[in-house]
Amino acid sequence: VSGHAHATVTSEALYESAELPKSAHDAAALLASKVYYYLGEYDEALSFALNAGNAFAEEGRTAGAEEYVETVICECAMARFPTLPLSARV
């Protein structure tokens, strides 16, 4: 199993674990989102980011995370409002 596949499987397994507290569940969703983001799989990154709750909100306040957060938010806007002109999405 490649390192990327292993990171994806591990983060998804943590996210799906019913034994983790909410904060750990959110952190695992954020981790899975970031792995998918760096793999260029933005739909999956968006899906996990939407389930990351407070962890994603905190990430938005972290220096250096701007590109990740902005890309995921833009992907969300394009997914939810595909008929908006490009100038209105940015």
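Small disclaimer: the values here were computed from a predicted structure and weren't measured.
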Going from NZ on K22 to NE2 on H25, what distance comes out if it is rounded to the nearest 0.5 angstrom?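 Interatomic distance, K22 NZ to H25 NE2, rounded to 0.5 Å: 5.5 Å.
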Rounded to the nearest 0.5 Å, what separation is found between the CG atom of N54 and the CD atom of E59?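 Result: 13.0 Å between the selected atoms.
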side-chain contact (heavy atoms from CB on, under 4.5 Å) assessment of T62 paired with Y68: CA-CA 11 Å; T62 302; Y68 160 73; over 6 Å; no
Determine the minimum heavy-atom distance between L30 and A52, stating which atoms define it.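 For L30 versus A52, the nearest heavy atoms are N-CB, 3.7 Å.
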Which atom of D26 lies closest to which atom of N51, heavy atoms considered: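 In terms of heavy atoms, the two residues are closest at OD1-O, 3.7 Å.
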Using a 3.5 Å distance criterion without hydrogens, assess whether the side chain of [X] forms a donor-acceptor pair with backbone atoms of [Y].
| X | Y | result |
| --- | --- | --- |
| T71 | E67 | yes |
| E66 | G64 | yes |
| S33 | F48 | no |

Is the distance between the ring centroids of Y42 and Y36 under 6.0 Å?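 Not close enough - the centres of the two rings lie 6.0 Å or further apart.
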